[in-house]
There are 2 protein chains.
Amino acid sequence: MARATRKIEILHAASKIVSERGIFNLTLEATAIEAGVSKGGLLYHFPSKEALVKGMVDHLAENYRDKIAASVAESTKEKGKWIQSYADVTFNNPYPNKEMHAGLLAAKAVNSDLLDPIRDLYNEWQTKIEQDGIDPVKATIIRLATDGIWLSELFDIHHLGEERKEEVYVKLKNWIDE
Amino acid sequence: MARATRKIEILHAASKIVSERGIFNLTLEATAIEAGVSKGGLLYHFPSKEALVKGMVDHLAENYRDKIAASVAESTKEKGKWIQSYADVTFNNPYPNKEMHAGLLAAKAVNSDLLDPIRDLYNEWQTKIEQDGIDPVKATIIRLATDGIWLSELFDIHHLGEERKEEVYVKLKNWIDE
DNA sequence: GAAAAAAAACCGTCCAGGTAGTATAGTAAA
DNA sequence: TTTACTATACTACCTGGACGGTTTTTTTTC
């Protein structure tokens, strides 16, 4: 194995293009150039554009799952560790979120079915969050609010100031332990 | 055919295509066919694809603004009528939301600057929501949670069951008046 | 442990099909 | 006369993917 990283490099390149230049600029050639590989080389790893986008989504879903799981494993809380971890990771990790944004947009554009791994992820989390020792409705609201932050970052629609964002974060956190 | 409606029909057709077939199928020809107009006719109203997408966003921003404003005007509440209206409209109006989804995705794909009218809208609402007689952090959380519903509908990621959605809605509503 | 064979990783060009936008000539109604 | 279109043809360009190579790495054989 020359290096399993080549595939990953290509996926990062693709995400970068979507983030910085938009989905219409995600072409095979542009991705190849960004990744420093030839078009043929790219097609060796991902035999079609759809395969490339599928690769993006699968990869980020796995990453995100691990990230949350690691945070949960570290937690010493008795109740609400899942929702706490979900909020922590989303509020404090701009980087994987950016890849997530790119992956979601690309998948939505190319073929909605490619979003299935994300759907699975959400279903898993929602189940965990609802069975985590706190009121499931409350937990769901916290999840939704966290997703709301996400939506505004995805479209750059309305950035809460850092201060207000922090206030929201603290209030949600306290609410978990109430 | 009535005059002013043609442009709007074209915009609806464009939204429909984005919703049902994805952004890559939003071509000038497909839009013209869907709207029952010739390609030349479409280009008469919208001289470029970007102009078309701009039309989509401008139109839906205006619509949404009116919708919320109407709900606020109807409200008899003293406090929290803005956040209440925002939640009401978003939770209970699947239709304009669909157009919003299409417009957001199209604008994000074609040219992020086209999202400016939506940004203005959000800034206006956020200001109103924070100056509406209730704790601004609480109000912001409710807004975010409402946006969270939106996110999951946009990507069809995780549909809360109707029951849970209703529970969330009720809890948020009660929280406003607390 | 070196040579040979096989597999994996990668290159770069070519092409058919599609798309935005232009051009033009004409029609119908207000 | 202007506005609001229809219909068709055309251009200039881009893109996905096929294809036939080449190089690098791994495995097998002697």
Side-chain angles (χ1 to χ4, degrees), chain A residues 1-18 20-59 102-103 105-114, chain B residues 1-18 20-59 102-103 105-114:
Chain A
M1 57 178 177
R3 63 229 256 245
T5 56
R6 253 294 135 86
K7 274 185 94 157
I8 310 260
E9 280 169 17
I10 293 170
L11 295 176
H12 286 318
S15 290
K16 196 175 171 204
I17 290 171
V18 175
E20 295 178 358
R21 292 184 257 161
I23 185 67
F24 284 135
N25 289 301
L26 182 74
T27 65
L28 296 181
E29 202 183 346
T31 306
I33 291 169
E34 180 74 39
V37 81
S38 71
K39 196 173 169 185
L42 185 151
L43 282 164
Y44 171 78
H45 291 289
F46 302 100
S48 71
K49 191 171 180 180
E50 185 161 330
L52 173 63
V53 173
K54 178 168 159 41
M56 290 171 72
V57 175
D58 290 355
H59 179 245
L105 289 173
K108 182 80 187 172
V110 169
N111 177 355
S112 282
D113 292 344
L114 298 179
Chain B
M1 277 290 150
R3 283 288 110 78
T5 56
R6 257 288 137 88
K7 273 186 96 157
I8 310 257
E9 278 170 19
I10 292 170
L11 295 176
H12 285 320
S15 290
K16 196 176 173 203
I17 289 171
V18 174
E20 293 177 0
R21 291 185 256 162
I23 185 67
F24 285 134
N25 290 301
L26 182 72
T27 64
L28 296 181
E29 203 183 346
T31 306
I33 291 168
E34 179 73 40
V37 80
S38 71
K39 192 177 167 185
L42 186 152
L43 283 164
Y44 173 79
H45 290 292
F46 302 100
S48 72
K49 193 172 177 178
E50 186 162 328
L52 173 64
V53 174
K54 178 168 160 44
M56 289 171 73
V57 175
D58 290 354
H59 179 245
L105 290 173
K108 181 83 185 170
V110 169
N111 177 356
S112 281
D113 292 344
L114 299 179

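The chains referred to below are lettered A, B, ... by the order of the sequence lines, with proteins before strands, and numbering in each begins at 1.
Annotation: salt bridge (Lys or Arg N to Asp or Glu O under 4.0 Å) contacts of Lys39(B) (sequence neighbours excluded): none.
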- Item | Nucleotide-resolved protein contact map, nucleotides 13-25 of chain C, B/S/- at heavy-atom distance under 4.0 Å | ------SBBB---
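Taking atom NE2 of His45(A) as the reference point, atom C1' of dC10(C) lies 7 Å away to the nearest angstrom. The distance from atom CG of Leu42(A) to atom P of dT15(D) is 14 Å, rounded to the nearest whole Å. In this structure, the CZ atom of Arg21(A) is 15 Å from the C1' atom of dC14(D), given to the nearest Å.
Between Glu34(B) and Arg21(B) there is a salt bridge, since a side-chain N of the basic residue sits under 4.0 Å from a carboxylate O of the acidic one.
Distances shown here put a side-chain N or O of Arg6(A) below 4.0 Å from the OP1 or OP2 atom of dC10(C). Residue Tyr44(A) places none of its side-chain N or O atoms closer than 4.0 Å to OP1 or OP2 of dC10(C).
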- Worked verdict on Val18(B) versus Asn25(B) for side chain to side chain contact (heavy atoms under 4.5 Å, CB included): CA-CA 7 Å; Val18(B) 174; Asn25(B) 290 301; over 6 Å; no
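Atoms OG1 and CD1, from Thr5(B) and Ile10(B) in turn, are 9.5 Å apart once rounded to the nearest 0.5 Å. Interatomic distance, CD1 of Ile17(A) versus NE2 of His12(A), reported as 13.5 Å (0.5 Å rounding).
The stretch residues 44-53 of chain B participates, sequence neighbours left out, in no salt bridge (charged side-chain N to carboxylate O under 4.0 Å, His left out) pair at all.
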